[in-house]
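Letters go in sequence order (proteins before strands), and every chain restarts at 1. Reckoned from all heavy atoms, side chains included, excluding hydrogens, waters and symmetry mates.
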Number of protein chains: 2
Amino acid sequence: MARIGIRQVAAEAGVSMTTVSHVLNDVPNAQVRAETRERVLLAAQRLGYTPNRMARSLRTRRTGALGLISDSIATTPYAGQLILGAQRAAQEHGYMIVLFNTEDDPVVEERELQALTDYQVDGVIYATMYHRVVSVPQALANRPLVLLDAEPADAQAVDGDKGGGVPWVVPDEVAGGRTATEELTANGHRRIGFVTNVDDVPATSGRLQGYQEALAAAGLQFDPALVISDESESWGGYRAARFLLERGDRPTALFCYNDRMAMGAYRAAAELGLRIPGDLSVVGFDDQELITLGLYPELTSVALPHFDMGYWAGERLVEVLDDTDQSAPVSRLTMPCPLVRRSSVAPV
Amino acid sequence: MARIGIRQVAAEAGVSMTTVSHVLNDVPNAQVRAETRERVLLAAQRLGYTPNRMARSLRTRRTGALGLISDSIATTPYAGQLILGAQRAAQEHGYMIVLFNTEDDPVVEERELQALTDYQVDGVIYATMYHRVVSVPQALANRPLVLLDAEPADAQAVDGDKGGGVPWVVPDEVAGGRTATEELTANGHRRIGFVTNVDDVPATSGRLQGYQEALAAAGLQFDPALVISDESESWGGYRAARFLLERGDRPTALFCYNDRMAMGAYRAAAELGLRIPGDLSVVGFDDQELITLGLYPELTSVALPHFDMGYWAGERLVEVLDDTDQSAPVSRLTMPCPLVRRSSVAPV
DNA sequence: TTGTATGCGTTATCAA
DNA sequence: TTGATAACGCATACAA
């Protein structure tokens, strides 16, 4: 049983290979008579024809594969959404996603970049699992490339700008911080603590800025004493929250850098006999359901748009690959972070 | 600049394409003179030759791609480890992993299986993110296939047995349940509650069995009243634990079906004024660091060997693909679940 | 509007 | 021990 190829379809339809190819690929130039076209389509259908991707690839010099290389797929709960988004977009355009991992190890990264080349992927999505500033590896310089949840060290372009360089998408940390804080001011809170982290990443400065903007918008004075930094873990959040809540003029609400720190803040509140949300309102960040749904009361949190970012990156890369004209419409995007309301916020 | 291929290497080395192919692929039959061999290797090196995978694939009818199709990559924190393990194994043998997703939707699954065929992957890893009993889709029946974290509905073979069917790997739920319970009996606990879930999955029955075995091994009587089932969420764990802990002869230790339920148990204990581990010892399952490290005190938990299972599945599939003799050595494996000790267990 | 013929870069068959 | 050469299945320049 000879595997059915374009040749068999041609025979079945009583036409030549060329015609079949034209019909099946919707070649723009040469036209095919509608009747012939129909015949070919039917024949292909009847025979259950599936194009041989290897042969096609050899000929077109395109594999239809997108490489997704990321720093640490294993240890973060975000990875899934990021990858799934990219996968969905790729799938919709007939591409497949091939995974690569650097494990945050330069040696491994080197090896993976080599593999990326060996496998001859058509384009690359360079992803980080936490919003980071990265310098694009030299090996990726002259390839179709999109940055996912990462921004290039030499970035400067404005939102929606062409920017000229490599497209990238990151969460809008500033707007996210604003959203979280506004939820609190909207509930009448006037003393709002910010339990933040100590790392020098875009999220740290961005969310702080959003916090300040929201305060200003509500006519509130920014008080540096209400901002406490610590490790972005549960125990860091505990320490910071405890410090804030033990003050005489304790805040009535806490905006926490992430859900882990919020988890620590819950413990601090419990130890001090403070009820949530009755005595203290709390807003987290990241919307990690393991935490937000696990805590009691369930935690209101700002979600990171991982799926959407992944999807955008996939779409964008396909655009770059498929578009004849390379007039990149948008090369940089910050995505909004939606608020997910639960039960940890109440009016003062 | 013509891309360098086997032809260029041949010219550079002053030999024929055939010879180059022979030495580069270590063809077992035809021997090449050591000196010639050296010359070819050097030429390839000097030119930085990289084989064209599409051409090779077209010829060998093998893509070097393994399809990893899973039910829900997005929503679970396990996915990363599972995928990473498989990816690592694949990588080590020169294969790449291509991702597919069913989203637990039969329609999508249908489409993805089709894609799997279109992309002509050499083999398939069918993975579920929670240990499940599955029936292998018809479309996968006659392909190189390995089940990951899933067991076929018609399974019957013994560990290490050839089994004849498709290879699969799952966690050893029984041993895991035993491990968790033994940690408690070893600390002198004699009244050990089991906060379990209501779903009919292998983990439910397996862990219960392990619990019973450990009790028996410690010479303790199994008391059905100490086993409470509820939804495997934080609030379910809360309810079940609360019920157990309010009894007059409350247990001094709790084995929880998973970390989420343990999280709820923590809350129940706190509300009842019970200190952990002073008044109550707790062991969880899954070792989800977001929870185990977030809780206070940090939760002792039994870890699911996701990375190892992924790795095994990858290795196994490659074996099936590469091995000339198809005498499958092992077709079924249950992996041990190691205990991760933290601070939630103390002697009575 | 449709058909013929060539080549993409390898591997494998056969001959030398 | 090495070298010519024929597929692999498809897309396309060119001819009809």
Does A:Arg37 have any side-chain hydrogen bond (donor to acceptor under 3.5 Å, both in side chains) partners at least two apart in sequence or in another chain, and if so, which?
A:Asp26

Should [X] and [Y] count as side-chain neighbours, where that means a heavy-atom distance under 4.5 Å?
| X | Y | answer |
| --- | --- | --- |
| A:Met129 | A:Ser70 | yes |
| A:Arg62 | A:Leu321 | yes |
| B:Tyr119 | B:Phe100 | yes |
| B:Val124 | B:Leu116 | yes |

Sugar-phosphate, base or nothing in reach of A:Thr19, heavy atoms under 4.0 Å
sugar-phosphate

When we call it a touch if two heavy atoms are under 4.0 Å apart, what does A:Val27 touch: a base, just sugar-phosphate, or nothing?
nothing

Will you find, in the side chains of A:Tyr95 and A:Asp322, an N or O donor that is under 3.5 Å from an N or O acceptor?
yes

Side chains of A:Arg316 and A:Tyr311 only: does a donor on one sit below 3.5 Å from an acceptor on the other?
no

With respect to the phosphate group of C:dT4, does any side-chain polar atom (N or O) of A:Ser16 fall under 4.0 Å of OP1 or OP2?
no

Below the 4.0 Å mark, does C:dT11 have OP1 or OP2 next to a side-chain nitrogen or oxygen of B:Asn25?
yes

Close approaches to DNA chain C from residues 33-47 of chain B, in residue order (heavy atom, under 4.0 Å):
none

May I ask you to list the residues of residues 53-62 of chain A, by number, that have any heavy atom positioned under 4.0 Å from an atom of DNA chain C?
A:Leu58, A:Arg59, A:Arg61

Taking distance alone, no hydrogens or angles, what donor-acceptor pairs closer than 3.5 Å link side-chain atoms of residues 134-141 of chain B to residues at least two apart or in another chain?
none

Is [X] salt-bridged to [Y], cutoff N-O under 4.0 Å?
| X | Y | value |
| --- | --- | --- |
| B:Asp104 | B:Arg132 | yes |
| A:Arg143 | A:Asp122 | no |
| B:Arg88 | B:Glu92 | no |
| A:Asp118 | B:Arg56 | no |

Report the distance from atom CD1 of B:Ile6 to atom C1' of C:dA12, rounded to the nearest whole Å.
11 Å

How many whole angstroms separate atom CE of A:Met17 from atom C1' of C:dA5?
9 Å

What are the 5'-most and 3'-most nucleotides of DNA chain D lying under 4.0 Å from any heavy atom of chain B?
D:dT1 to D:dG9

I'd like to know if the side chain of A:Gln120 reaches the main chain of B:Arg53, judged simply by a donor and an acceptor atom lying under 3.5 Å from each other, with no hydrogens or angles considered.
yes

For the helix from C:dT1-D:dA16 to C:dA16-D:dT1, figure out the bend between the end axes, five pairs an end, and round to 10 degrees.
40°

